[in-house]
Every structure is written in structure tokens, then in C-alpha cells.
Amino acid sequence: MQAQFDPDTERYTVVVSKTFYIETFGCQMNAHDSEKVIGTLEHEGYIQVPDEAEAGLILYNTCSIRDKAEQKVFHRLNEYKRMQGEGKKFAVIGCVAQQEGERIFERAPYVSIVAGSASYRNLPSMLARLEAGENRITGLDDRQTDQTFDTEFTVRSNPHRGYITIIEGCDKFCAYCVVPYTRGKERSRTSASVLVEARRMADQGFTDIQLLGQNVNSWRDPSGRLSFAELLSAVGNIPGIRRVRFTTSHPRDFTRDIVEAIDATPALCDHVHLPVQSGSSSVLHAMSREYTREWYLERMSWIHAAKRDISITSDMIVGFPGETDADFEETITLLGAVRYDAVFAFKFSPRPNTPAVHMADSISDEVKSERLRILNDRQREIQREHYARHLGQTIEVMVESFNPARGQVVGRSTQNKTVNFTQAEGLSQPPIGSYLPVQITRTMPNCLIGEAAPGSVPLQATRTPQPFVVLN
Ligand code: 5AD
Ligand code: SF4
């Protein structure tokens with residue numbers, strides 16, 4: 001904030017400048033992009049503020065994956081409009097920015113920057129133009145770039161668990177999906193660059209790393225050194241790194257050596273998120289997923305046969321154009337065949353530019369809602385039974401927060417399950433980011449409940465992943 005003297009009125013006015021507020025929607029890629037954008041802005045001398053009222057620049061990092069994302073953005077922008085006249089500047093970034101482009105300026109002329117994710121490395125020059133008084137600055141023309149938005153300025157919000165983007169964009173073009181249009185073509189980072197960042201994070205005290213990409217397992221080392229499974233093992237073997245996850249995988253690129261790497265590398269988490277989208281081969285074909293139900297089930301059999309108890313989670317879409325009752329029934333039977341640990345199910349939502357927008361046989365919203373309800377009910381039944389296998393087990397939990405209302409510590413297992421637990425009386429709350437063995441005393445369909453194992457000591461940022469020693 002600066003005070004500016006106006007000689008005509010002989011008054012000082014407070015100028016809100018070089019402060020920014022950012023609001024983020026969407027997936028983990030977007031969340032991590034915001035961490036990079038924040039770091040870049042801070043490097044350019046901007047200060048992040050927690051309240052939009054205090055900010056000179058308001059950024060809105062948008063998502064367009066489902067629903068009426070564009071309308072929501074314009075609605076939010078209308079609210080921003082009320083703040084006009086206070087000298088504020090507005091930037092719309094992310095997937096809706098890329099999708100709607102300059103139309104945003106037409107509908108919201110007070111917006112100054114519209115930029116898609118593939119142009120964020122040009123943010124410093126966009127900010128310089130903004131500061132020079134320019135309006136209608138766009139960063140939309142870079143979707144075919146070979147470059148990734150890799151920056152040394154990233155400001156990670158969690159000091160223990162951090163993301164690393166290893167691949168950006170998507171070349172799969174599933175019929176329902178906007179991602180190839182909003183995030184451009186696939187481009188991978190070299191294994192050397194990923195490993196340098198992972199080692200740096202380990203040195204800073206991070207113990208949990210999540211490798212990110214829209215299709216994370218279609219990562220190909222531009223230097224040709226490592227396969228995806230080898231990269232997982234290499235990150236997992238960095239001293240200090242205790243947990244490594246990767247998301248989101250595509251079944252097309254899911255190879256057996258990924259399961260072998262998990263079996264062989266203690267730090268790789270017991271969790272694979274492998275979205276199937278539908279249990280019907282004909283719907284999968286219409287979606288251009290390029291695999292069948294049988295092909296997917298074969299990958300599931302590899303995971304089920306692993307030495308470790310690897311949890312499996314999935315995304316599913318109900319009501320894709322042409323999905324019959326029989327197709328939907330195949331999705332329901334798939335739930336029972338795989339026994340997922342969690343499923344994120346969505347009603348099909350037509351997205352601009354995608355082939356599915358023009359497909360006939362659209363399904364009514366009532367039918368979509370009914371299918372979604374049936375799917376979620378069935379999955380809940382399966383989870384209730386499936387989670388019961390953890391009863392009596394002692395599970396390693398990373399401490400995330402404390403729920404004072406319930407007097408419980410909240411953490412996460414290697415399988416990505418929420419574990420709520422209590423400590424033996426007299427023991428202080430374990431530090432956030434520490435690891436603790438917890439004995440499971442009750443199971444619910446969506447979480448596990450337990451008690452810190454007697455005599456256990458919270459473990460912080462160890463240099464090498466070691467099994468816990470429970471002192472009796
Ligand atoms: N309609 C409904 N769900 C969608 N998803 C992606 N695009 C659409 C769409 N048009 C879901 C998929 C994907 C998850 C991130 O969002 O299940 O895996
Ligand atoms: Fe949303 Fe997809 Fe963009 Fe992520 S990549 S923010 S899910 S549209």
C-alpha cells in the first residue's frame with residue numbers, strides 16, 4: 001500500500017497496489033498452478049493478502065471441467081464489478097480463461113488479464129504491461145507450446161506435503177473432456193528436472209510428494225533416461241521422502257511395472273487412482289477411452305495380485321449420451337468386481353468444443369440423478385464392507401489437523417484414507433506432518449477411527465523410510 005499526494009486537491013489517497021488476492025477452483029493441477037502463480041507474483045514484488053478488499057489485483061483461477069463453469073465465472077465477476085472504482089484490477093486465469101478467451105473482456109470489460117495455464121510463464125511481462133496501464137492483456141495463444149510451467153518461485157502452502165507437476169496437457173481427447181482444449185498438448189519434464197525438485201523438497205523437510213499430471217502415467221522422459229515406473233521408484237528412494245503418490249493415471253498407459261515399483265519401493269503409497277468412467281465397453285468406445293471393460297479389469301487383476309494392499313479409486317460418469325439401462329448396469333457390476341476404496345461419480349455435463357456436445361440420445365437430468373444415486377448407494381455398501389478389513393490393523397497415519405470438537409487427531413493413511421484417532425490420556429497432540437502408527441478400532445464407509453498405538457512416538461521427517469517400532 002502507498003500514499004499518493006494529489007497537488008490539485010492537496011490530499012493524500014491510499015493506493016492499493018502490488019497486493020493480490022487469489023481464488024482457486026478445480027483440480028490439484030489448478031491448486032498447484034496457483035502455488036506457482038503466487039510464487040511468480042511474489043517474485044515480481046507483489047504481496048498476497050487474505051482478503052479481496054485489501055487487494056490491488058484479484059486473480060480468479062478457474063475450472064471448466066463440469067457444470068456451468070462459465071456462468072459461475074461470469075456471476076462471480078459481476079460480484080467483482082461492485083469493487084470497481086476502488087482502483088482494483090482483475091485477472092481471470094485457468095481453464096475458463098483459456099476456453100472463453102477474449103469473450104471475457106466483452107462480458108466483463110473491467111477484467112484486465114485473461115490467461116490460460118500454458119501462458120503463465122509469461123506472467124511477469126503481463127504484469128509489467130498491467131502496471132504500465134494496459135488493459136485487455138491476453139495469454140491464450142500458447143497451447144501448442146513445448147514448454148512446461150516449471151518455476152523455481154513456487155510457494156507451497158503445506159510444508160510437509162507438496163505437488164510436483166511432471167506432465168502438463170493431454171493428448172487423449174476423450175469425447176466428454178475439455179482438458180485437451182484448455183491445457184493444450186502433452187509435454188513432460190525431464191527426469192533430471194523432476195528429481196532436482198524432489199530432492200530440494202526433501203531437503204526443505206517435505207516428506208510427502210504428489211506427482212501431478214492430467215495423464216500422469218503417460219509421462220515420457222524427454223531425455224529418454226527413465227520410464228514412468230522408474231521415475232516413481234527414483235522419487236521414492238530419495239532420502240527423507242516417506243510417501244509418494246501420483247495422479248491422475250489413464251488406464252491406457254497403466255503398465256504392470258507400476259505395480260511392481262509399488263511392491264518394491266516402500267515410499268510409494270498403497271494407492272492407485274485409475275478412473276474407469278464407465279463399466280460398459282460400448283460407452284467406453286463412445287467416450288473414445290480406447291480400452292474395454294475386460295482390458296481395464298486385467299489392470300485391476302495386476303493390482304489385486306500385488307504383495308501390498310493397494311487401494312484403488314476411480315472417477316465415473318453417469319448419463320453419457322446413449323448410455324442404456326444395460327450399460328449402466330455394467331457400471332454397477334464393475335463396482336462389485338473391482339471393490340473400489342472410493343469412487344468419485346459425476347453426471348455427464350456437456351462441455352463446449354468437445355465431441356460429446358453433438359452426440360444424440362442425451363439422457364434426461366432425472367435419469368442421470370437417479371443413476372448417480374444408485375451408483376453412490378451401491379459404492380457406499382461396498383466401502384462399508386471393504387473398509388472393515390482394516391479393523392484391528394495398525395496403520396501408519398500422517399497427521400494433518402486436529403478436530404477440537406471431537407478431540408480427535410485427523411490424518412491420512414498411505415491408502416489415502418482419512419483416519420480420525422485419539423491419543424492415550426496425558427499425551428500431547430502429535431505435530432502436524434508427523435507419522436504415527438494408529439490401531440483401527442472402528443470402520444465407517446468413508447473413514448477409519450482408531451487410537452494411537454500404545455507407546456508409539458510420532459516420527460518426523462526421517463531421512464529414510466523405516467518401519468515403525470512400536471514400544472510395548
Ligand atoms: N461431464 C462429467 N464428468 C466429467 N469429467 C470430466 N469431464 C466431464 C464431463 N464433461 C469427470 C471425469 C474425470 C473427472 C476429473 O471429471 O470422471 O475423470
Ligand atoms: Fe478443471 Fe480440468 Fe482445468 Fe483441472 S484441468 S482446472 S479439472 S478443467
Side-chain angles (χ1 to χ4, degrees), residues 22-37 59-70 72-73 92-100 115-120 143 149 163 165 167-186 212-217 247-252 254 272-279 283-284 286-289 291 296 313-323 331 334 340 342-359 362-363 365 368-369 371-372 375-376 379:
I22 186 164
E23 206 169 309
T24 308
F25 295 82
C27 62
Q28 288 144 321
M29 292 285 285
N30 245 25
H32 187 41
D33 277 350
S34 282
E35 293 182 331
K36 299 181 196 177
V37 167
L59 297 104
Y60 193 47
N61 192 1
T62 57
C63 168
S64 60
I65 195 87
R66 286 178 298 270
D67 305 324
K68 300 189 167 59
E70 313 73 49
K72 277 190 223 155
V73 171
V92 179
I93 63 173
C95 294
V96 175
Q98 183 62 49
Q99 182 187 291
E100 296 297 305
S117 62
S119 66
Y120 293 162
R143 288 189 312 122
F149 178 46
Y163 299 123
T165 313
I167 174 168
E168 292 178 22
C170 175
D171 291 344
K172 291 282 191 297
F173 290 93
C174 300
Y176 52 81
C177 188
V178 286
V179 171
Y181 311 95
T182 58
R183 289 190 167 263
K185 68 172 189 172
E186 275 182 7
L212 288 184
Q214 294 301 339
N215 278 317
V216 74
N217 59 331
T247 194
T248 290
S249 296
H250 193 292
R252 246 343 281 179
F254 195 84
V272 171
H273 182 61
L274 199 58
V276 65
Q277 311 299 0
S278 168
V283 173
L284 289 171
M287 288 176 165
S288 306
R289 290 290 286 176
Y291 56 83
Y296 181 84
T313 56
S314 185
D315 297 341
M316 290 187 174
I317 296 177
V318 296
F320 188 77
E323 183 189 67
T331 295
L334 188 86
Y340 289 108
V343 168
F344 306 92
F346 311 101
K347 291 195 263 185
F348 167 70
S349 134
R351 306 310 300 131
N353 307 322
T354 61
V357 170
H358 310 292
M359 287 181 183
S362 69
I363 312 280
D365 194 55
K368 284 182 194 167
S369 298
R371 289 183 182 168
L372 188 64
L375 193 160
N376 283 333
Q379 178 56 26

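As a basis for the values below, the full set of heavy atoms in this structure was taken, side chains included, without hydrogen atoms, waters or symmetry mates. Whatever order the structure lists ligands and atoms in, that order sets their numbers, starting from 1. We count residues from 1, following the sequence as given.
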If you have a sec, work out which protein heavy atom is nearest [atom] and how many Å separate them, to one decimal?
atom                    : answer
atom 10 (N) of ligand 1 : Ser349 O, 2.8 Å
atom 3 (Fe) of ligand 2 : Cys95 SG, 2.1 Å
atom 4 (Fe) of ligand 2 : Cys27 SG, 2.3 Å
atom 11 (C) of ligand 1 : Arg66 NH1, 3.4 Å
atom 1 (Fe) of ligand 2 : Cys63 SG, 2.4 Å
atom 2 (Fe) of ligand 2 : Val179 CG2, 3.3 Å

Inset, instruction - Kindly indicate, with the supporting measurements, whether the criterion side-chain contact (heavy atoms from CB on, under 4.5 Å) is fulfilled by Lys36 and Thr165. - result: CA-CA 10 Å; Lys36 299 181 196 177; Thr165 313; 3.0 Å; yes
Mark up the atoms of ligand 1 that fall under 4.0 Å of a heavy atom belonging to [X], in ascending order.
X      : value
Gln277 : 12 (C), 13 (C), 17 (O), 18 (O)
Phe346 : 3 (N), 11 (C), 14 (C), 16 (O), 17 (O)
Asp315 : 13 (C), 14 (C), 15 (C), 17 (O), 18 (O)

Legend entry - Closest candidate by heavy atom, reference atom 8 (C) of ligand 1, pool Phe344, Phe320, Tyr176, Phe348: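 Checking each option, the heavy atom nearest atom 8 (C) of ligand 1 is found in Tyr176.
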Legend entry - Option with minimal heavy-atom separation from atom 8 (S) of ligand 2, where the choices are Ile65, Asp33, Val96: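 Considering heavy atoms of Ile65, Asp33, Val96, the nearest to atom 8 (S) of ligand 2 sits in Ile65.
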Inset, instruction - Mark the output for Met29 as yes if a heavy-atom distance to ligand 2 is under 4.0 Å, and as no if none is. - result: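 The answer is no, since Met29 has no heavy atom less than 4.0 Å from ligand 2.
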Legend entry - Contact with ligand 2 for Ser64, non-hydrogen, under 4.0 angstrom: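 Distance cut 4.0 Å: Ser64 passes for ligand 2.
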Legend entry - Nitrogen or oxygen of Arg351 less than 3.5 angstrom from that of ligand 1: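 No, Arg351 has no N/O under 3.5 Å of an N/O on ligand 1.
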State, yes or no, whether a side-chain contact exists between [X] and [Y] at a heavy-atom distance under 4.5 Å.
X      : Y      : answer
Thr247 : Leu212 : yes
Val73  : Glu70  : no
Phe348 : Met359 : no

Legend entry - Donor + acceptor pair across side chains of Tyr176, Arg289 (<3.5 Å):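 Side chains of Tyr176 and Arg289: pair found under 3.5 Å.
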Legend entry - Lys347 and ligand 1 - part of the residue with a heavy-atom distance under 4.0 Å: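 For Lys347, the contact with ligand 1 is made by the backbone alone.
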Legend entry - Residue part near ligand 1, for Ile65, under 4.0 Å between non-hydrogen atoms: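 The answer is both.
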Would you say the side-chain atoms of [X] pair up with the backbone N or O of [Y], donor to acceptor, closer than 3.5 Å?
X      : Y      : result
Arg351 : Asp67  : yes
Glu168 : Phe149 : yes
Asn61  : Asn30  : yes

Inset, instruction - Not counting sequence neighbours, which residues clear side-chain hydrogen bond (donor to acceptor under 3.5 Å, both in side chains) with Ser288? List them please. - result: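 Ser288: no side-chain hydrogen bond (donor to acceptor under 3.5 Å, both in side chains) contacts found.
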Legend entry - Enumerated ligand 2 atoms positioned under 4.0 Å from heavy atoms of Asn30: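 The atoms of ligand 2 under 4.0 Å from a heavy atom of Asn30 are 6 (S).
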Inset, instruction - Can you spot which of Ser278, Pro251, Pro275 makes a side chain to side chain contact (heavy atoms under 4.5 Å, CB included) with Tyr296? - result: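 So, applying the side chain to side chain contact (heavy atoms under 4.5 Å, CB included) to Tyr296 and each of Ser278, Pro251, Pro275, only Pro251 qualifies.
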Legend entry - Criterion side-chain contact (heavy atoms from CB on, under 4.5 Å) on Ile363 and Arg371, from CA distance to verdict: CA-CA 11 Å; Ile363 312 280; Arg371 289 183 182 168; 4.1 Å; yes
